[in-house]
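Source: prediction; values computed, not measured. We count ligands from 1, going down the list as the structure has it; atoms in each ligand are counted the same way.
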Amino acid sequence: MSKTRVLTGITTTGTPHLGNYVGAIRPAVAASLGPDVDAFYFLADYHALIKCDDPARIERSRLEIAATWLAAGLDPERTTFYRQSDIPQIPELTWLLTCVTAKGLMNRAHAYKASVDANVAAGEDPDSGITMGLYSYPILMAADILIFNAHKVPVGRDQVQHIEMARDVAARFNHLFGGGREFFVLPEAQVEEQVATLPGLDGRKMSKSYDNTIPLFEGGAKLLKDSIARIVTDSRAPGEPKDPDSNALATLYQAFADAEDTVTYRAALSAGLSWGEAKARLFQTIDAQVAPLRERYEALIARPAEIEDILQAGAQKARAHAAPLLEELREAVGLRSFQRLACAVKRQDVDTGEAAKPPVFKQYREADGKFYFKLIDADGRLLLQSPGHASPRDAGQRVAALKADPNGALAEGEVPGENVSAAELAAALARFSEA
Ligand code: TRP
């Protein structure tokens, strides 16, 4: 039975927050434990460069996100866990795909269009501040997915368009170069309906861009508690009934508790639980799940070299999949070794029943006034180079001697061409004397 390959990446620009954990990391780790799942999870650090030009932040974020995955229970033995930038086949495929991607398709990308709209609204040049990285981002993402032939790609709703673009580009490449062969699996987006989008401090979706996040590990239990204290509530006094849906508390609670406890919590709010007490219970519930992970996280992040080793091993596994596919793709588009071409030409000679064309001797005079010859095969390859002779007659005599005795020793100064073996030279000379 073949497994479903599930692939997803996290862009390494920020510090993981509860929303990342509940919305992406926790379900991905759970999915990776399924018996039919072959999970490929990676740090999208090339994508990070699109949004961030602060090297220290890039460095810090990829370490934090790597440690978070591992602390959250990802097993690097059973999954393929790697950094995008350790897989050179990804940018290489990106270029092959870039060359078959319609510019008009990229023009329609939501992220790019939103930037253009914002520029226009601000009275700026439409492309102000828009890099080619941002513009071509969906192609890099397509390469991430297609190089590993992923079937399912768990993503947030905002990423669904990118998966559709990956399918478009894959289909086009298959059509252009496949000759009936499908190089790429057409991936499907997997948007988890059950997985709640966590609200942030202000009740809007928890997101770094809204500055309303609660960090997952950063700052320890203290910052978790302090952040929860900052969740916006109304001014209802202790004892007054409270609408459990009027703020982020109950939804956050639900993300870390079972159904029964959630019902109890909501009922307590309706019955007048104070906001202070509600926040204390929320903190306890979240911390019960997060604290053991945080401990692992702290231990991991204190030993970055071990994380590096894990990621190097993961990259090796990943490259073992990527490299052979990329070889086929290079072949398909015509980036082929000439070695093969040389064999093909030889085979053609055999196929047509003709003897391979004999090599030829060329005699000539150099600026030094001496007389030289070389032996060149039908493809123009140099087989033998002579030293300078005092007269054309001397040179001609050596040519005659070589013709008469193809297996004879070379004279002083006579040098076989590059990569020409003694046997190959003798065979060429024999063909020459027969001709
Ligand atoms: N663009 C994705 C995001 O911002 C991250 C990402 C990069 C990704 N490459 C991917 C997700 C490939 C899934 C598959 O969330």
Side-chain angles (χ1 to χ4, degrees), residues 4-17 19-29 31-32 37-52 58 61-62 65-66 68-69 74 79-87 89-94 97-98 101 106 109-115 131 133-170 184-192 195 197-198 205-210 213 314-315 318 321-322:
T4 301
R5 183 161 296 166
V6 176
L7 177 145
T8 197
I10 294 188
T11 306
T12 55
T13 43
T15 294
H17 54 69
N20 300 137
Y21 176 66
V22 169
I25 297 172
R26 193 174 65 183
V29 171
S32 75
V37 170
D38 180 17
F40 277 59
Y41 296 155
F42 70 99
L43 309 177
D45 50 2
Y46 279 143
H47 278 91
L49 300 180
I50 295 168
K51 298 188 202 165
C52 173
I58 296 280
S61 175
R62 62 215 277 277
I65 293 178
T68 300
W69 275 108
L74 188 75
T79 59
T80 304
F81 178 51
Y82 57 97
R83 280 179 298 220
Q84 184 185 31
S85 64
D86 286 332
I87 317 298
Q89 290 82 9
I90 292 174
E92 219 174 321
L93 175 57
T94 300
L97 298 178
T98 298
T101 300
M106 294 299 99
H110 299 320
Y112 165 70
K113 278 207 307 197
S115 301
T131 63
L134 175 67
Y135 188 65
S136 308
Y137 167 118
I139 312 179
L140 177 58
M141 186 159 160
D144 289 333
I145 299 167
L146 300 178
I147 194 74
F148 296 116
N149 273 324
H151 304 108
K152 302 266 180 205
V153 185
V155 281
R157 202 168 292 288
D158 59 321
Q159 297 289 319
V160 171
Q161 188 196 31
H162 295 147
I163 313 300
E164 279 161 9
M165 289 177 159
R167 293 169 63 90
D168 274 11
V169 174
F184 300 125
V185 166
L186 301 188
E188 274 173 41
Q190 202 173 32
V191 180
E192 287 285 351
V195 172
T197 314
L198 274 202
K205 176 185 168 183
M206 190 181 292
S207 162
K208 202 169 49 126
S209 39
Y210 294 148
T213 61
H321 290 274

Chemist: Heavy-atom contacts with Thr8 under 4.0 Å: which atoms of ligand 1 show up? List them by number with element.
Modeler: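 Numbered from 1, ligand 1 contributes 11 (C), 13 (C).
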Chemist: For Met206 and Val22: C-alpha separation, side-chain torsions, deciding distance, then whether side chain to side chain contact (heavy atoms under 4.5 Å, CB included) applies.
Modeler: CA-CA 11 Å; Met206 190 181 292; Val22 169; over 6 Å; no
Chemist: Would you mind listing which atoms of ligand 1 come within a distance below 4.0 Å of any non-hydrogen atom of Ala44?
Modeler: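 By the 4.0 Å cutoff, the relevant atoms are 7 (C).
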Chemist: May I ask you to identify the nearest protein heavy atom to atom 6 (C) of ligand 1, giving residue, atom name and distance to one decimal place in Å?
Modeler: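 Result: Gly9 O, 3.8 Å.
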Chemist: Could you name the option among His47, Gln159, Lys51, Gln190 that has the heavy atom nearest to atom 2 (C) of ligand 1?
Modeler: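 Among His47, Gln159, Lys51, Gln190, the closest heavy atom to atom 2 (C) of ligand 1 belongs to Gln159.
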Chemist: For side chain to side chain contact (heavy atoms under 4.5 Å, CB included), just list the numbers for Ile10 and Asn20, CA-CA rounded to whole Å, side-chain angles, deciding distance to a tenth of an Å, and then say yes or no.
Modeler: CA-CA 9 Å; Ile10 294 188; Asn20 300 137; 5.5 Å; no
Chemist: Name the closest protein heavy atom to atom 1 (N) of ligand 1, giving the residue it belongs to and the distance to 0.1 Å.
Modeler: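 Of every protein heavy atom, Tyr137 OH, 2.5 Å lies nearest to atom 1 (N) of ligand 1.
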Chemist: With backbone taken as N, CA, C and O and side chain as the heavy atoms from C-beta onward, which portion of His162 lies under 4.0 Å from ligand 1: side chain, backbone, both, or neither?
Modeler: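 Contact part for His162 vs ligand 1: neither.
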Chemist: Please name the pair of heavy atoms, one in Pro138 and one in His162, separated by the smallest distance, quoted to 0.1 Å.
Modeler: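 Where Pro138 meets His162 most closely, the heavy atoms are CG-CD2, 3.9 Å.
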Chemist: Could you check atom 14 (C) of ligand 1 against the protein and tell me its nearest heavy-atom contact, residue, atom and distance included?
Modeler: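 I find the closest protein heavy atom is Val153 CG1, 3.5 Å.
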Chemist: Take His17 and Leu198 through the test side chain to side chain contact (heavy atoms under 4.5 Å, CB included) and record every step on the way to the result.
Modeler: CA-CA 10 Å; His17 54 69; Leu198 274 202; over 6 Å; no
Chemist: Within the structure provided, determine whether Phe184 and Ile145 are in side-chain contact (heavy-atom separation under 4.5 Å).
Modeler: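 They are not in contact (no side-chain heavy atoms under 4.5 Å apart), so the answer is no.
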Chemist: What are the two closest heavy atoms between Pro187 and Ile163, and how far apart are they?
Modeler: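 Scanning both residues completely, I find the closest heavy atoms to be O-CG2, 3.9 Å.
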Chemist: Using distance alone, with no hydrogens and no angle criterion, decide if Ser207 and Ser209 have a side-chain donor and acceptor under 3.5 Å apart.
Modeler: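 Ser209 and Ser207 do have a side-chain donor-acceptor pair below 3.5 Å.
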Chemist: Verify whether the ring centers belonging to Tyr82 and Phe148 lie closer than 6.0 Å.
Modeler: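 For Tyr82 and Phe148, the ring centres are under 6.0 Å apart.
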Chemist: With a cut-off of 4.0 Å, which atoms of ligand 1 are near a heavy atom of Thr11?
Modeler: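 Under 4.0 Å from Thr11, ligand 1 has these atoms: 3 (C), 4 (O), 5 (C).
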Chemist: Given that the side chain starts at C-beta and the backbone is N, CA, C, O, which of these parts of Leu140 lies under 4.0 Å from ligand 1, counting heavy atoms, or is it both or neither?
Modeler: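 It is neither; nothing of Leu140 touches ligand 1.
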Chemist: Nearest protein heavy-atom contact for atom 9 (N) of ligand 1: which residue, which atom, what distance?
Modeler: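 Nearest neighbour among protein heavy atoms for atom 9 (N) of ligand 1, to 0.1 Å: Asp144 OD2, 2.7 Å.
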Chemist: I need the contact type for Phe42 against ligand 1. Using non-hydrogen atoms and a strict under-4.0 Å cut-off, is it side chain, backbone, both or neither?
Modeler: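 Looking at Phe42 and ligand 1, just side chain atoms fall under 4.0 Å.
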